[in-house]
Colleague: 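Attaching a single structure in structure tokens format; questions to follow.
Owing to the predicted nature of the structure, the values given are computational and were not obtained by experimental measurement.
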Amino acid sequence: QVQLVESGGGLVQPGGSLTLSCTLSRGTLDYYAIGWFRQAPGKERKGVSCIDSSAGHSTSYADFVKGRFTISRVNAKNTVYLQMNNLEPDDTAVYYCAAESVHHCELETAFYPHWGQGTQVTVSS
């Protein structure tokens, strides 16, 4: 069974940076498209970024993170990263990664059957 583990969350000041990791603890990452999502208190879970499993590692980003966040993957480490720069208070949320065993990726929650437990990111001074 696919298991995903997120790490790297924490408290950071506005303008700061964090790098989140999503590690596939069972299985081989090569075959999975991975998405990052976030959910703030009282709000719906939203797609942040995703990366497909093709050789080109195509990526997609939500408009609200373009130019600030970068997604990447190192299949040899079974890990996908989300580098977050210039963080804002509105980025405060629980961040989740999700996986689906297809080539392309989507920023829709319904696309992914496998989810991690999430990691908290708090942006505050």
Colleague: Which ILVMFWY residues are connected to Phe111, directly or by a chain of links, through side-chain heavy atoms under 4.5 Å apart?
Modeller: Phe37, Val94, Tyr96, Val102, Tyr112, Trp115

Colleague: SG of Cys97 to CD1 of Ile34: how many Å apart, nearest 0.5 Å?
Modeller: 6.5 Å

Colleague: Distance-only, no hydrogens or angles: does the Glu6 side chain make a donor-acceptor pair with backbone N or O of Gly118 under 3.5 Å?
Modeller: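 Yes; judged by distance alone, with no hydrogens or angles, the pair exists.
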
Colleague: Give every donor-acceptor pair under 3.5 Å between a side-chain atom in residues 41-50 and any protein atom, sequence neighbours left out.
Modeller:
residue : atom : partner : partner atom : Å
Arg45   : NE   : Gln39   : OE1          : 3.2
Arg45   : NH2  : Gln39   : OE1          : 3.2
Ser49   : OG   : Ser60   : O            : 2.9

Colleague: Can you list everything that forms a side-chain contact (heavy atoms from CB on, under 4.5 Å) with Val121? Sequence neighbours excluded, please.
Modeller: Leu18, Leu20, Met84, Tyr95, Val123

Colleague: To the nearest 0.5 Å, what is the distance between CD1 (Ile51) and SG (Cys105)?
Modeller: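 Here the interatomic distance stands at 8.0 Å.
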
Colleague: Mind checking what makes side-chain contact (heavy atoms from CB on, under 4.5 Å) contact with Ser7, not counting sequence neighbours?
Modeller: Ser21

Colleague: Once ring-ring contact (aromatic ring centres under 6.0 Å, His included) is applied, do any residues pair with His103, and if so which ones, sequence neighbours excluded?
Modeller: none

Colleague: Who clusters with Leu11? Use side-chain heavy atoms, under 4.5 angstrom, across I, L, V, M, F, W and Y, and order the result by chain and number.
Modeller: none

Colleague: Please list, one pair per line, the donor and acceptor atoms closer than 3.5 Å that link side chains of residues 23-31 to other protein atoms, with sequence neighbours excluded.
Modeller:
residue : atom : partner : partner atom : Å
Thr23   : OG1  : Thr79   : OG1          : 3.1
Ser25   : OG   : Gln3    : O            : 3.3
Ser25   : OG   : Gln3    : OE1          : 3.3

Colleague: Taking side chain as C-beta onward, heavy atoms only, is Val2 less than 4.5 Å from Tyr32?
Modeller: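 A side-chain contact under 4.5 Å exists here.
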
Colleague: For Pro14 versus Ser124, what's the shortest heavy-atom pair and its separation?
Modeller: CD-C, 3.6 Å

Colleague: Does Ser101 have any side-chain hydrogen bond (donor to acceptor under 3.5 Å, both in side chains) partners at least two apart in sequence or in another chain, and if so, which?
Modeller: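 Listed in chain order: nothing, the list is empty.
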
Colleague: Above 12 or not: heavy atoms from other molecules or residues under 6.0 Å from CD of Gln120?
Modeller: yes

Colleague: Return yes if some donor-acceptor pair links the side-chain N/O of Asp52 with the main-chain N/O of Ser58 below 3.5 Å, else return no.
Modeller: yes

Colleague: Less than 4.5 Å apart, any side-chain heavy atom of Gln83 and any of Ser72?
Modeller: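 Not in contact.
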
Colleague: Looking at residues at least two apart in the chain, or sitting in another chain, which of them share a salt bridge (Lys or Arg N to Asp or Glu O under 4.0 Å) with Asp91?
Modeller: Arg38, Arg68

Colleague: Partners of Gln117 by side-chain hydrogen bond (donor to acceptor under 3.5 Å, both in side chains), sequence neighbours excluded?
Modeller: none

Colleague: Could you note down all residue pairs passing ring pair (Phe, Tyr, Trp, His ring centres under 6.0 Å) where residues 39-67 supplies at least one of them, sequence neighbours left out?
Modeller: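 Qualifying pairs: none.
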
Colleague: Under the salt bridge (Lys or Arg N to Asp or Glu O under 4.0 Å) test, which residues partner Lys66, sequence neighbours left out?
Modeller: Asp63

Colleague: Within the structure provided, determine whether Ser54 and His104 are in side-chain contact (heavy-atom separation under 4.5 Å).
Modeller: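 The answer is no; the side chains never approach within 4.5 Å.
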
Colleague: Do the side chain of Ser17 and the main chain of Asn85 share a donor and acceptor less than 3.5 angstrom apart?
Modeller: no

